[in-house]
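Just so we're clear, the structure is a prediction, and the values are computed from it rather than from any experiment. All chains are named by letter (A, B, ...) in the order of the sequence lines, taking the proteins before the strands, and each is independently numbered beginning at 1.
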There are 2 protein chains.
Amino acid sequence: MEGDILRGHLDLLVVATVRGGASHGYAVIEALRAQSDGLFDPPEGTIYPVLHRLEAAGILASRWERPGRRRRRVYRLTDRGERWLADSGERWRRFSRGVTAVLGGAT
Amino acid sequence: MEGDILRGHLDLLVVATVRGGASHGYAVIEALRAQSDGLFDPPEGTIYPVLHRLEAAGILASRWERPGRRRRRVYRLTDRGERWLADSGERWRRFSRGVTAVLGGAT
DNA sequence: CTGTTATACATAGCCTGCCTATGTATCGAT
DNA sequence: ATCGATACATAGGCAGGCTATGTATAACAG
């Protein structure tokens, strides 16, 4: 990956993939890779702690499932998570506009 | 400011402002604040180490100036810095497209 | 049936880099 | 004289993404 470029934006990406249908940790990783066309490919050691943190913050909620014999922790957005996602999306757009403005015609 | 949201992108922003005419550290801070419409307002303790790091990396070069009696460290882009800026601008656009793609219609 | 790969989770510890706090010095305005 | 703005610098805190490692189940190749 490209350094720590996700720093500060990873929570948003993870919540967005859960919102978009990625129900458990492993699926989040695959969704990020697929939807970013291979650009984002975070290791498991990055994603699982993020999911725990987001659950502790009340943004996600989880329950265990076992579709075969293998267990999965399945996540969904809480109401608070929905609001958080909307706010964070707006924050991202502001940030992105800010960077673009600073870059200006320079590049 | 909004947490560590600049993490991983600050070097790009600083180099872009120098490229855009901000010749010394204090001016970089003001340029970032002005050009981002107040969104980015990094403290001096953030910017000066960045400038030192960028100079050590051969991206910027500096010399001392004293327009009055007060000294300034005046920066310019090296040739390598010009190339680095072009590459980093491209990296930023890829990153931005990636995030937008992951957000999808979700927000 | 054994080894390898994919699926699925988890945590300890490292390291980067942005921030807070603090210090120095010059200059204009009050 | 004092305060704010200008201008530089560095030490130390700390969040968070990454590496490394460990567990377990399933599928498939040879």
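Here the nucleotide nearest the side chain of A/R71, chosen from D/dT10, C/dC9, D/dC8, is C/dC9. Minimum atom distance to the side chain of A/Y26 is reached by C/dC9, of the listed D/dT6, C/dA10, C/dC9. Across D/dT19, C/dC19, C/dT7, the shortest atom-to-atom separation from the side chain of A/P43 is found for D/dT19. Relative to the side chain of B/H24, the nucleotides C/dA8, D/dA7, D/dG17 differ in distance, and D/dA7 lies closest.
Taking atom CD on A/E30 and atom C1' on C/dA6, their separation rounds to 9 Å, with Å as the unit. Atom pair A/H52:NE2 and D/dA15:P shows a separation of 18 Å (rounding to whole Å applied). Rounded to whole Å, the distance from CG on A/L51 to C1' on C/dA10 is 12 Å. Atom CZ in A/F95 sits about 11 Å away from atom P in C/dC18, given to the nearest Å. As a whole-Å value, the separation of B/R33 CZ from D/dT6 C1' is 12 Å. As a whole-Å value, the separation of A/L32 CG from D/dC18 P is 11 Å. Atom CD1 in B/I29 sits about 10 Å away from atom C1' in D/dT6, given to the nearest Å. Atom CZ of B/R66 and atom P of D/dC8 are 12 Å apart (whole Å).
Interatomic distance, CZ of B/R94 versus OG of B/S88, reported as 10.0 Å (0.5 Å rounding).
Shown here is B/D87, whose CG atom has more than 12 heavy atoms of other residues, nucleotides or ligands within 6.0 Å.
Side-chain N/O atoms of A/Y48 include none lying less than 4.0 angstrom from OP1 or OP2 on C/dA10. Under 4.0 angstrom from either OP1 or OP2 of D/dG17 there lies no side-chain N or O belonging to A/H9. Taking only side-chain nitrogens and oxygens, B/R73 comes nearer than 4.0 Å to OP1 or OP2 of D/dA9.
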With B for base contact, S for sugar-phosphate-only contact and - for none (protein heavy atoms under 4.0 Å), nucleotides 22-30 of chain C reads ----BS---
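For B/H24, the side-chain contact (heavy atoms from CB on, under 4.5 Å) partners are B/Y26, B/A27, B/R72, not counting sequence neighbours.
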Donor-acceptor contacts, no H, no angles, side chain residues 76-83 of chain A, under 3.5 Å, sequence neighbours left out:
residue : atom : partner : partner atom : Å
A/T78   : OG1  : A/G58   : O            : 2.6
A/T78   : OG1  : A/I59   : O            : 3.2
A/T78   : OG1  : A/R80   : N            : 3.4
A/T78   : OG1  : A/G81   : N            : 2.9
A/E82   : OE1  : A/R19   : NH1          : 3.2

Hey, can you pull the donor-acceptor pairs under 3.5 Å for the side chains in residues 28-35 of chain A, sequence neighbours left out?
residue : atom : partner : partner atom : Å
A/R33   : NH1  : A/D41   : OD1          : 2.7

- Candidate pair A/W92 and B/T100, rule side-chain contact (heavy atoms from CB on, under 4.5 Å), full reasoning: CA-CA 9 Å; A/W92 158 257; B/T100 302; 4.2 Å; yes
For this session: Would you please test B/V99 and A/F40 for side-chain contact (heavy atoms from CB on, under 4.5 Å) and show each step?
Result: CA-CA 9 Å; B/V99 174; A/F40 306 140; 4.0 Å; yes
Note to self: Using the rule given for side-chain contact (heavy atoms from CB on, under 4.5 Å), can you reason through A/L6 versus A/T46, listing the C-alpha separation, both sets of side-chain angles and the distance that settles it, and then say yes or no?
What the structure shows: CA-CA 11 Å; A/L6 291 172; A/T46 294; over 6 Å; no
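Near DNA chain C, defined here as any heavy-atom distance below 4.0 Å, the residues from residues 53-64 of chain A are A/W64, listed numerically.
Between B/H9 and B/F95, the angle of the ring planes lies from 30° to 60°, which puts this pair in the tilted group.
Closest heavy-atom contact between B/G25 and B/Y48: CA-CE2, 3.8 Å. Of all non-hydrogen atoms in B/V102 and A/A16, the two that sit nearest each other are O-CB, 4.2 Å.
Under a 4.0 Å N-O distance rule, the pair B/D11/B/R53 qualifies as a salt bridge.
B/G25 comes within contact range of the sugar-phosphate backbone alone, with a heavy-atom separation under 4.0 Å but no base atom that close. In this structure, B/R72 reaches the sugar-phosphate backbone alone: every heavy-atom distance under 4.0 Å involves primed, P, OP1 or OP2 atoms, never a base.
Comparing B/T46 and A/R7 against DNA chain C, the residue whose closest nucleotide sits nearer the 5' end is A/R7. For A/D11 and B/G45, each mapped to the nucleotide of DNA chain D holding its nearest heavy atom, the one lying further toward the 5' end belongs to B/G45.
Defining each end axis of the helix from C/dC1-D/dG30 to C/dT30-D/dA1 as the rotation carrying four pairs' C1' atoms onto the next four, with five pairs an end, the two axes are found to diverge by 10° to 10 degrees.
Side-chain atoms of B/W64 and B/V74, non-hydrogen and from C-beta on, never get closer than 4.5 Å to each other.
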